[in-house]
**Q** 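One structure coming up, written as structure tokens, with questions to follow.
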Amino acid sequence: MSMIAAFYGGKSILITGATGFLGKVLMEKLFRTSPDLKVIYVLVRPKQGQTLQQRVFQILDSKLFEKVKEVCPNVHEKIRAISADLNQNDFAISKEDMQELLSHTNIVFHCAATVRFDDHLRHAVQLNVTATQQLLLMASQMPKLEAFIHISTAFSNCNLKHIDEVVYPCPVEPKKIIDSMEWLDDAIIDEITPKLIGDQPNTYTYTKALGEVVVQQEGGNLNIAIIRPSIVGATWQEPFPGWVDNLNGPSGLIIAAGKGFLRSIRATPMAVADLIPADTVVNLTLAVGWYTAVHRPKSTLVYHCTSGNLNPCNWGKMGLQVLATFEKIPFERAFRRPNADFTTNNITTHYWNAVSHRAPAIIYDFYLRLTGRKPRMTKLMNRLLRTLSMVEYFINRSWEWSTYNTEMLMSALSPEDQRVFNFDVRQLNWLEYIENYVLGVKKYLLKEDMAGIPEAKQHLKRLRNIHYLFNTALFLIAWRLLIARSQVARNVWFFIVSFCYKFLSYFRASSTLNA
Ligand SMILES: CCCCCCCCCCCCCCCCCCCCCCCCCC(=O)SCCNC(=O)CCNC(=O)[C@H](O)C(C)(C)COP(=O)(O)OP(=O)(O)OC[C@H]1O[C@@H](n2cnc3c(N)ncnc32)[C@H](O)[C@@H]1OP(=O)(O)O
Ligand SMILES: NC(=O)C1=CN([C@@H]2O[C@H](COP(=O)(O)OP(=O)(O)OC[C@H]3O[C@@H](n4cnc5c(N)ncnc54)[C@H](OP(=O)(O)O)[C@@H]3O)[C@@H](O)[C@H]2O)C=CC1
């Protein structure tokens, strides 16, 4: 019997960010392994004309939850959606709901965040810092609370090369930042943002670092732990391989490469691609929840959920495997044949951006205009280039994350828990994982049918022929222009033509003699 699964039985669990990528996998695993849990409270904001209930039921009715429905048929009754906006005071939670949360919650998993790299500092601070502070305040009023688990990121201190499982101080106290956001106007915030974030690459990593400091400073007597996952990718094993539902991290770029938009990325092939599957993160999170509640460590423990030091894979290997998978499982209606490559310096990056990204987009938009359609490729390409510029920082460096706490926890688990809540990335086979990832992107993100693969392959063959035809035509035109202008080119041309003629004459003569 799994001790961790038994621990969550009968518990009331509060999850923020449950409608996000990681939150969904977390809920799924909780319901599947502890179907006798009492209730999961999810803080949800209403969206797109959907009620809260509809938003949550849509998640429960998705393929991700198919196995859950078998082991926990009354899952709809065990989830309680609470209207909340983490940007508002007291999260805009009603008094009755707040009362219920405060008096019943046993465990809190805080996953909600803005993960946009370029978010305005005011918004990023509100969600990643102030909301964390407010949630801690709420948690301190929960008499039955056993553990508070905060999800941060392994990149919260990416200005360092070697990162330990400790909370690092920030140059400016989070409280001062929170206060200043209240009275500074947007223009001034824009101006001081680069100075404040210093050697952090963006407002996301900066505010996640501030969030950790808030957790440490304001955790009071709570049992708190911080989890730092690296780049969260599709599921590895559970509930099935390859599940992914948003474009963050590598997923969007896999689509862009598979559809043929992405031709070149400035990346260091030997840099470590520190991906971590979503189910691995969730298994560690649940194990940490159990350990924190049961063993009550004296201080806030930080757990790195990374792959690089235990089972490293680099971007070069990953890129090649992604391309190899496209051969077997191509995406439908590609714009060009997938043929992306890594570049390593600024000049080649600019060159390939102009030649392989912008020029084809302009030509295609011209063609759309000619045929009376609305141009759209240049806009899409600009967005892709913006995304590339945002992720460049992370794919041209390697970090070392120590994993003492994570390894300590692994050895503290029973063999059964090590199996059910497996977070040992040494067992991960990267080639298999990446293939499943690409397949998952095709099935769950692009919603493409596997039956369409033969047609997709035909389409790629047509694109290849068009490519060859286009290149040949281009070469002939260039050559024709050169011959018209240069005596040397003309001489070379006559030499080649007469050589071919002589060779053919000789060949014909010798075959007549033999006959
Ligand atoms: C040796 C040879 C080898 C050969 C090799 C060949 C290679 C070939 C294989 C290639 C693949 C393998 C290598 C992969 C490298 C991956 C690196 C990942 C590093 C990640 C590090 C993460 C570290 C930190 C981890 C964390 O701790 S946190 C989690 C990470 N957080 C994020 O990943 C958020 C990022 N994103 C944003 O920050 C915003 O998205 C923003 C970008 C500002 C845009 O912003 P904006 O332009 O405003 O656009 P949106 O409004 O967002 O979207 C507007 C429209 O574009 C859509 N769209 C949004 N995104 C994306 C996206 N990516 N890709 C595509 N489309 C996207 C969206 O659907 C919407 O479409 P629509 O609805 O209009 O139709
Ligand atoms: N994905 C990754 O690669 C990594 C993620 N992390 C961390 O993991 C956690 C989860 O990330 P992930 O699941 O990928 O992110 P998602 O963007 O998929 O999910 C974010 C969640 O936060 C919720 N949220 C955002 N704003 C508000 C708000 N104002 N009020 C209420 N809820 C809000 C979203 O709700 P809604 O559905 O309404 O938008 C969503 O449920 C984050 O803390 C992130 O920093 C760490 C390392 C890597």
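The structure displayed is predicted, hence computed values, not measured ones. Just the heavy atoms: all of them, side chains too, but no hydrogens, waters or symmetry mates, feed the values below. Note that ligands are numbered from 1 as they come in the structure, with each ligand's atoms numbered from 1 the same way.
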**Q** Where on Arg55 is there a heavy atom closer than 4.0 Å to ligand 2, on the side chain, on the backbone, on both, or on neither?
**A**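 It is the side chain that gets close, since no backbone atom is under 4.0 Å.
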**Q** Could you tell me whether Glu66 and Lys63 have a side-chain N and a carboxylate O separated by less than 4.0 Å?
**A**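 So Glu66 pairs with Lys63 through a salt bridge.
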**Q** Checking Lys29 against Tyr8: charged group under 6.0 Å from the ring centre and within 45 degrees of the axis?
**A**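 The answer is no; the distance or angle limit is not met.
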**Q** Output the distance between atom CG (Asp97) and atom CZ (Arg80), rounded to the nearest 0.5 Å.
**A**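 It comes to 4.5 Å.
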**Q** Considering only heavy atoms of Lys47, which atoms of ligand 2 have at least one such atom less than 4.0 Å away?
**A**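 Once the distances to Lys47 are compared, the set is 36 (P), 38 (O), 39 (O).
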**Q** Nearest 0.5 Å please: distance from the CD atom of Glu392 over to the OG1 atom of Thr268.
**A**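 If we round to the nearest 0.5 Å, Glu392:CD and Thr268:OG1 are 9.5 Å apart.
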**Q** Is the contact between Tyr204 and ligand 2 made by the side chain, the backbone, both, or neither, using heavy atoms and a 4.0 Å cut-off?
**A**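 The side chain, only.
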**Q** Applying a 4.0 Å heavy-atom criterion (strictly less than), which segment of Arg228 is in contact with ligand 2: side chain, backbone, both, or neither?
**A**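 Arg228 to ligand 2: no contact under 4.0 Å from either part.
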**Q** With heavy atoms of Val115 as the reference, note each atom of ligand 2 found under 4.0 Å away.
**A**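 Near Val115, meaning under 4.0 Å from one of its heavy atoms, ligand 2 has 15 (O), 17 (O), 44 (C), 45 (O).
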**Q** With backbone taken as N, CA, C and O and side chain as the heavy atoms from C-beta onward, which portion of His110 lies under 4.0 Å from ligand 2: side chain, backbone, both, or neither?
**A**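 Neither; nothing of His110 gets under 4.0 Å from ligand 2.
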**Q** Quick check with a 6.0 Å cut-off and a 45 degree axis cone: is Lys11 positioned over the face of Phe7's six-membered ring?
**A**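 Ring-cation test returns yes.
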**Q** Just by modelled atom types, is the Ala113 backbone N or O under 3.5 Å from a matching donor or acceptor in the Asn128 side chain?
**A**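 Pair absent, no side-chain N/O of Asn128 close to backbone of Ala113.
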**Q** Classify the ring geometry of Phe57 against His76: parallel below 30°, tilted from 30° to 60°, perpendicular beyond 60°.
**A**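 Perpendicular, since the angle between the ring planes exceeds 60°.
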**Q** Between Thr33 (side chain only) and Ala5 (backbone N and O only), is there a donor and an acceptor less than 3.5 Å apart?
**A**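 Side chain of Thr33 to backbone of Ala5: no pair is present.
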**Q** Among Pro229, Gly211, Ser230, Ala113, which residue places a heavy atom closest to atom 48 (C) of ligand 2?
**A**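 It is Ser230 whose heavy atom sits nearest to atom 48 (C) of ligand 2.
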**Q** Using a 3.5 Å distance criterion without hydrogens, assess whether the side chain of Lys38 forms a donor-acceptor pair with backbone atoms of Lys78.
**A**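 Flag not set: sc Lys38 to bb Lys78 has no pair under 3.5 Å.
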**Q** Does the side chain of His295 come under 3.5 Å of the side chain of Asn223 through a donor N or O and an acceptor N or O?
**A**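 No, Asn223 and His295 have no side-chain donor paired with an acceptor closer than 3.5 Å.
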**Q** Between Asn246 and ligand 2, which residue portion shows a heavy-atom distance shorter than 4.0 Å: side chain, backbone, both, or neither?
**A**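 Side chain only.
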**Q** Name the option, out of Leu247, Leu26, Leu43, Asp85, that contains the heavy atom nearest to atom 29 (N) of ligand 2.
**A**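 Of the listed residues, Asp85 has the closest heavy atom.
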**Q** Please compare Ala112, Ala18, Gly20, Ser83 and report which has the shortest non-hydrogen distance to atom 19 (O) of ligand 2.
**A**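 It is Gly20 whose heavy atom sits nearest to atom 19 (O) of ligand 2.
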**Q** Hey, which atoms in ligand 2 end up nearer than 4.0 Å to a heavy atom of Asn87?
**A**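 Matching atoms, with element in brackets: 29 (N).
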**Q** Is Ile231 in polar range of ligand 2, meaning some N or O pair under 3.5 Å apart?
**A**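 No; the residue has no nitrogen or oxygen that sits under 3.5 Å from a nitrogen or oxygen of the ligand.
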**Q** Could you label the plane-to-plane angle of the Phe394 and Trp399 rings as parallel, tilted or perpendicular, counting under 30° as parallel and over 60° as perpendicular?
**A**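 Answer is tilted, since the angle falls between 30° and 60°.
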**Q** I'd like the name of whichever of Asp245, Thr132, Leu127, Val232 reaches closest to atom 1 (N) of ligand 2 through any heavy atom.
**A**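 Residue with the shortest heavy-atom distance to the ligand atom: Val232.
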**Q** Could you establish whether Cys111 and ligand 2 come within less than 4.0 Å of each other, counting only heavy atoms on the residue side?
**A**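 A heavy atom of Cys111 does come that close to ligand 2.
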**Q** Surrounding NZ of Lys195 (heavy atoms of other residues, nucleotides or ligands, distance under 6.0 Å), is the total greater than 12?
**A**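 Result for NZ/Lys195: open.
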**Q** For Ala278, state whether at least one heavy atom is located under 4.0 Å from any atom of ligand 2.
**A**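 No; Ala278 lies far enough from ligand 2 that no heavy-atom distance drops under 4.0 Å.
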**Q** Should Ser152 be listed as contacting ligand 2, given a heavy-atom distance under 4.0 Å as the test?
**A**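 Checking ligand 2 against Ser152, which is what was asked, there is a heavy-atom contact under 4.0 Å.
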**Q** Give the contacting part of Ile151 toward ligand 2: side chain, backbone, both or neither, where contact means a heavy-atom distance below 4.0 Å.
**A**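 It is both parts that get close, each with some atom under 4.0 Å.
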**Q** Is the shortest distance from a heavy atom of Phe155 to ligand 2 less than 4.0 Å?
**A**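 No heavy atom of Phe155 comes that close to ligand 2.
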**Q** If the cut-off is 4.0 Å to any non-hydrogen atom of Thr153, which atoms of ligand 2 fall inside it?
**A**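 Under 4.0 Å from Thr153, ligand 2 has these atoms: 46 (C), 47 (C).
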**Q** Out of Lys24, Arg45, Lys208, whose heavy atom is nearest to atom 24 (N) of ligand 2?
**A**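 The option holding the nearest heavy atom is Arg45.
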**Q** May I ask you to say whether Lys259 pairs ionically with Glu448, meaning some side-chain N is under 4.0 Å from a carboxylate O?
**A**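 The answer is yes: the pair qualifies as a salt bridge.
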**Q** Consider every N or O of Gly23 and every N or O of ligand 2, then say whether any pair is closer than 3.5 Å.
**A**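 Looking only at distances, the answer is no, because the N/O contact criterion of under 3.5 Å is not met.
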